[in-house]
Amino acid sequence: MITKAARDVVPGAEDAGITLVTRGRGFQSRAATSELPTLIDELQHRLGDGPCVQAIWQHETVLVADMATEGRWPLFAPEAARIGARSMLAFQLYTTENTMGALNLHSSQPGAFDDDAVRIGGTLATHAAIALIASQREEQFRDALASRDIIGQAKGILMHRFSIDADRRSRS
(Lines give C-alpha, C1' and ligand atoms only; values in the text may rest on other atoms or scores of the structure.)
Protein backbone atom coordinates (compact mmCIF):
# COMPACT_ATOMS: atom_id res chain seq x y z
CA MET A 1 0.00 0.00 0.00
CA ILE A 2 1.42 3.37 -1.06
CA THR A 3 0.42 5.14 2.15
CA LYS A 4 2.28 2.62 4.30
CA ALA A 5 5.34 3.04 2.07
CA ALA A 6 5.05 6.82 2.39
CA ARG A 7 4.84 6.60 6.17
CA ASP A 8 7.84 4.28 6.24
CA VAL A 9 10.19 6.07 3.81
CA VAL A 10 9.39 9.78 3.90
CA PRO A 11 11.49 11.46 6.60
CA GLY A 12 9.26 12.84 9.35
CA ALA A 13 6.05 11.08 8.27
CA GLU A 14 4.14 9.36 11.06
CA ASP A 15 0.83 8.88 9.20
CA ALA A 16 -0.40 9.01 5.62
CA GLY A 17 -3.63 8.88 3.70
CA ILE A 18 -5.11 9.56 0.29
CA THR A 19 -8.00 11.93 -0.26
CA LEU A 20 -10.09 11.64 -3.41
CA VAL A 21 -12.62 14.12 -4.73
CA THR A 22 -14.97 12.50 -7.22
CA ARG A 23 -17.82 13.70 -9.41
CA GLY A 24 -20.13 15.91 -7.44
CA ARG A 25 -17.15 16.95 -5.28
CA GLY A 26 -17.59 14.11 -2.84
CA PHE A 27 -14.61 13.59 -0.52
CA GLN A 28 -13.35 10.07 0.14
CA SER A 29 -10.61 9.20 2.58
CA ARG A 30 -8.65 6.14 1.45
CA ALA A 31 -5.84 3.92 2.69
CA ALA A 32 -5.21 5.80 5.93
CA THR A 33 -2.41 4.38 8.07
CA SER A 34 -4.25 5.45 11.25
CA GLU A 35 -7.37 7.34 12.29
CA LEU A 36 -5.62 10.74 12.06
CA PRO A 37 -5.63 11.14 8.23
CA THR A 38 -9.35 10.32 8.16
CA LEU A 39 -10.08 12.87 10.91
CA ILE A 40 -8.08 15.50 9.03
CA ASP A 41 -9.95 14.69 5.80
CA GLU A 42 -13.30 14.97 7.57
CA LEU A 43 -12.28 18.34 9.02
CA GLN A 44 -11.17 19.66 5.62
CA HIS A 45 -14.34 18.38 3.99
CA ARG A 46 -16.51 20.03 6.63
CA LEU A 47 -14.65 23.36 6.37
CA GLY A 48 -14.01 23.18 2.62
CA ASP A 49 -10.44 24.29 3.19
CA GLY A 50 -7.03 23.07 4.27
CA PRO A 51 -3.72 21.85 2.82
CA CYS A 52 -5.20 18.81 1.07
CA VAL A 53 -7.98 20.87 -0.49
CA GLN A 54 -5.43 23.41 -1.68
CA ALA A 55 -3.18 20.67 -3.10
CA ILE A 56 -6.10 19.15 -5.01
CA TRP A 57 -7.63 22.34 -6.43
CA GLN A 58 -4.46 24.41 -6.90
CA HIS A 59 -2.40 21.50 -8.31
CA GLU A 60 0.52 22.03 -6.01
CA THR A 61 2.48 20.58 -3.13
CA VAL A 62 1.55 22.14 0.20
CA LEU A 63 3.92 22.10 3.19
CA VAL A 64 2.74 23.10 6.65
CA ALA A 65 5.61 23.46 9.12
CA ASP A 66 3.44 24.00 12.21
CA MET A 67 -0.34 23.99 12.36
CA ALA A 68 -0.18 25.83 15.71
CA THR A 69 1.22 28.93 13.97
CA GLU A 70 -0.24 28.44 10.46
CA GLY A 71 -2.25 31.39 9.15
CA ARG A 72 -3.46 30.18 5.72
CA TRP A 73 -6.41 28.24 7.13
CA PRO A 74 -7.57 30.02 10.31
CA LEU A 75 -10.40 27.59 11.02
CA PHE A 76 -8.65 24.39 9.97
CA ALA A 77 -5.11 24.78 11.36
CA PRO A 78 -5.87 25.18 15.09
CA GLU A 79 -8.29 22.24 15.02
CA ALA A 80 -5.80 20.06 13.11
CA ALA A 81 -3.11 20.88 15.69
CA ARG A 82 -5.53 20.05 18.51
CA ILE A 83 -6.23 16.56 17.10
CA GLY A 84 -2.53 15.80 16.61
CA ALA A 85 -1.37 16.99 13.17
CA ARG A 86 1.33 19.59 13.80
CA SER A 87 3.09 19.20 10.41
CA MET A 88 1.53 18.24 7.12
CA LEU A 89 2.69 17.64 3.57
CA ALA A 90 0.07 17.31 0.81
CA PHE A 91 0.84 16.28 -2.78
CA GLN A 92 -1.68 16.68 -5.58
CA LEU A 93 -2.31 13.40 -7.38
CA TYR A 94 -2.63 13.74 -11.14
CA THR A 95 -5.59 11.51 -11.83
CA THR A 96 -8.48 11.86 -14.30
CA GLU A 97 -11.00 14.52 -15.26
CA ASN A 98 -13.57 12.85 -12.96
CA THR A 99 -11.37 12.20 -9.94
CA MET A 100 -8.68 14.27 -8.30
CA GLY A 101 -6.77 13.52 -5.17
CA ALA A 102 -3.93 14.13 -2.79
CA LEU A 103 -1.39 12.07 -0.89
CA ASN A 104 -1.24 13.52 2.61
CA LEU A 105 1.54 13.01 5.15
CA HIS A 106 1.17 13.95 8.81
CA SER A 107 3.42 14.35 11.82
CA SER A 108 2.72 15.14 15.46
CA GLN A 109 5.96 17.18 15.51
CA PRO A 110 6.32 20.73 14.18
CA GLY A 111 8.89 21.17 11.40
CA ALA A 112 8.90 17.45 10.60
CA PHE A 113 9.26 17.71 6.82
CA ASP A 114 12.35 18.89 4.95
CA ASP A 115 13.43 19.06 1.29
CA ASP A 116 14.14 15.31 1.24
CA ALA A 117 10.60 14.63 2.47
CA VAL A 118 9.19 16.80 -0.33
CA ARG A 119 11.33 15.05 -2.96
CA ILE A 120 10.62 11.48 -1.78
CA GLY A 121 6.93 12.22 -1.15
CA GLY A 122 6.60 13.70 -4.63
CA THR A 123 7.99 10.53 -6.16
CA LEU A 124 5.57 8.40 -4.15
CA ALA A 125 2.67 10.68 -5.13
CA THR A 126 3.49 10.07 -8.79
CA HIS A 127 3.41 6.31 -8.21
CA ALA A 128 0.15 6.63 -6.26
CA ALA A 129 -1.45 8.57 -9.13
CA ILE A 130 -0.40 5.92 -11.66
CA ALA A 131 -1.78 3.13 -9.45
CA LEU A 132 -5.02 5.04 -8.91
CA ILE A 133 -5.54 5.63 -12.63
CA ALA A 134 -4.82 1.95 -13.38
CA SER A 135 -7.32 0.89 -10.72
CA GLN A 136 -9.99 3.22 -12.11
CA ARG A 137 -9.45 1.95 -15.65
CA GLU A 138 -9.73 -1.66 -14.47
CA GLU A 139 -12.99 -0.81 -12.72
CA GLN A 140 -14.31 0.89 -15.88
CA PHE A 141 -13.33 -2.16 -17.93
CA ARG A 142 -15.20 -4.49 -15.56
CA ASP A 143 -18.25 -2.20 -15.71
CA ALA A 144 -18.11 -2.18 -19.52
CA LEU A 145 -17.96 -5.98 -19.63
CA ALA A 146 -20.92 -6.27 -17.27
CA SER A 147 -22.89 -3.81 -19.42
CA ARG A 148 -22.00 -5.77 -22.53
CA ASP A 149 -23.35 -8.96 -20.95
CA ILE A 150 -26.61 -7.27 -19.97
CA ILE A 151 -27.02 -5.84 -23.48
CA GLY A 152 -26.37 -9.29 -24.95
CA GLN A 153 -29.01 -10.83 -22.71
CA ALA A 154 -31.54 -8.14 -23.64
CA LYS A 155 -30.74 -8.64 -27.32
CA GLY A 156 -31.35 -12.38 -26.97
CA ILE A 157 -34.70 -11.82 -25.26
CA LEU A 158 -35.81 -9.38 -27.99
CA MET A 159 -34.66 -11.72 -30.77
CA HIS A 160 -36.63 -14.58 -29.23
CA ARG A 161 -39.74 -12.59 -28.42
CA PHE A 162 -40.05 -10.84 -31.78
CA SER A 163 -38.57 -13.60 -33.96
CA ILE A 164 -35.67 -11.46 -35.11
CA ASP A 165 -32.40 -13.02 -36.23
CA ALA A 166 -28.97 -11.49 -35.76
CA ASP A 167 -29.31 -9.53 -39.02
CA ARG A 168 -32.52 -7.87 -37.70
CA ARG A 169 -34.85 -9.49 -40.25
CA SER A 170 -38.24 -10.45 -38.99
CA ARG A 171 -39.34 -14.04 -39.63
CA SER A 172 -43.04 -13.36 -40.03
Side-chain angles (χ1 to χ4, degrees), residues 1-140:
M1 157 165 40
I2 198 81
T3 52
K4 183 180 179 314
R7 182 194 62 202
D8 293 345
V9 303
V10 175
E14 295 172 2
D15 289 297
I18 292 176
T19 306
L20 297 180
V21 179
T22 56
R23 282 186 216 154
R25 299 186 131 199
F27 274 63
Q28 298 176 4
S29 191
R30 300 263 181 101
T33 58
S34 75
E35 184 182 23
L36 181 65
T38 303
L39 292 173
I40 294 295
D41 280 351
E42 289 169 356
L43 178 62
Q44 290 181 102
H45 183 201
R46 183 168 42 85
L47 297 174
D49 203 9
C52 170
V53 174
Q54 184 174 333
I56 290 171
W57 296 120
Q58 302 300 319
H59 307 283
E60 60 187 33
T61 298
V62 178
L63 173 63
V64 180
D66 189 355
M67 289 290 182
T69 60
E70 180 58 57
R72 289 176 281 185
W73 310 282
L75 297 176
F76 169 79
E79 184 65 16
R82 187 189 68 73
I83 61 176
R86 289 292 300 271
S87 295
M88 189 168 170
L89 188 52
F91 300 92
Q92 196 257 355
L93 297 179
Y94 297 94
T95 55
T96 67
E97 62 277 356
N98 296 325
T99 305
M100 296 187 292
L103 172 64
N104 306 302
L105 307 177
H106 308 277
S107 176
S108 62
Q109 302 301 310
F113 301 113
D114 59 13
D115 291 340
D116 284 340
V118 172
R119 182 179 48 77
I120 294 167
T123 301
L124 286 170
T126 300
H127 290 285
I130 292 167
L132 181 60
I133 290 168
S135 172
Q136 289 172 337
R137 288 202 175 143
E138 182 180 331
E139 185 176 326
Q140 290 169 345

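Values reported hereafter were calculated over all heavy atoms of this structure, with side chains retained and with hydrogens, waters and symmetry mates removed.
Under the rule for a side chain to side chain donor-acceptor pair (under 3.5 Å), the partners of Thr33 that lie at least two apart in sequence or sit in another chain are Asp15. In this structure Ala5 satisfies the side chain to side chain contact (heavy atoms under 4.5 Å, CB included) test with no other residue, sequence neighbours excluded. Partners of Arg7 according to the salt bridge (charged side-chain N to carboxylate O under 4.0 Å, His left out) rule, which considers only residues two or more places apart in sequence or in another chain, do not exist here. For the side chain to side chain donor-acceptor pair (under 3.5 Å) test, no residue two or more places apart in sequence or in another chain qualifies with Arg46. For the side chain to side chain contact (heavy atoms under 4.5 Å, CB included) test, residues two or more places apart in sequence or in another chain that qualify with Leu124 are Ile2, Ala6, Val9, Val10, Leu103, Ile120. The side chain to side chain donor-acceptor pair (under 3.5 Å) search around Asp115 returns none, not counting sequence neighbours. In this structure Glu14 satisfies the salt bridge (charged side-chain N to carboxylate O under 4.0 Å, His left out) test with no other residue, sequence neighbours excluded.
Between atom OG1 of residue Thr126 and atom CZ of residue Phe91 there is a gap of 9.5 Å, rounded to the nearest 0.5 Å. The distance from the SG atom of Cys52 to the NE2 atom of His45 is 11.0 Å, given to the nearest 0.5 Å. Separating the CD1 atom in Ile56 from the CG atom in Leu20 is a distance of 7.5 Å, to the nearest 0.5 Å. Considering CD of Gln92 and CD of Gln58, their distance stands at 10.0 Å, rounded to 0.5 Å. Atom CZ of Phe113 sits about 8.0 Å away from atom CG of Leu63, to the nearest 0.5 Å.
The main-chain N or O of Val62 is never found under 3.5 Å from a side-chain atom of Gln54 such that the two would form a donor-acceptor pair. Between the Ser87 side chain and the Gln109 main chain, a donor and an acceptor come within less than 3.5 Å of each other.
The heavy-atom pair separating Pro51 from Gln44 by the smallest distance is N-OE1, 3.1 Å. Nearest approach of Ala90 to Asn104, heavy atoms of both residues: CB-OD1, 3.3 Å. Between Asp114 and Pro11, the shortest heavy-atom distance links the atoms OD1-CB, 4.4 Å.
A 4.5 Å side-chain heavy-atom check between Val64 and Trp73 finds at least one atom pair inside the cut-off.
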Would you be so kind as to tabulate the donor-acceptor pairs closer than 3.5 Å made by side chains of residues 35-42, with sequence neighbours excluded?
| residue | atom | partner | partner atom | Å |
| --- | --- | --- | --- | --- |
| Asp41 | OD1 | Thr19 | OG1 | 2.6 |
| Asp41 | OD2 | Thr19 | OG1 | 2.8 |
| Asp41 | OD2 | Ser29 | OG | 2.7 |

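Each salt bridge (charged side-chain N to carboxylate O under 4.0 Å, His left out) pair with one or both residues in residues 47-73, not counting sequence neighbours, appears once here: Asp66-Arg86, Glu70-Arg72.
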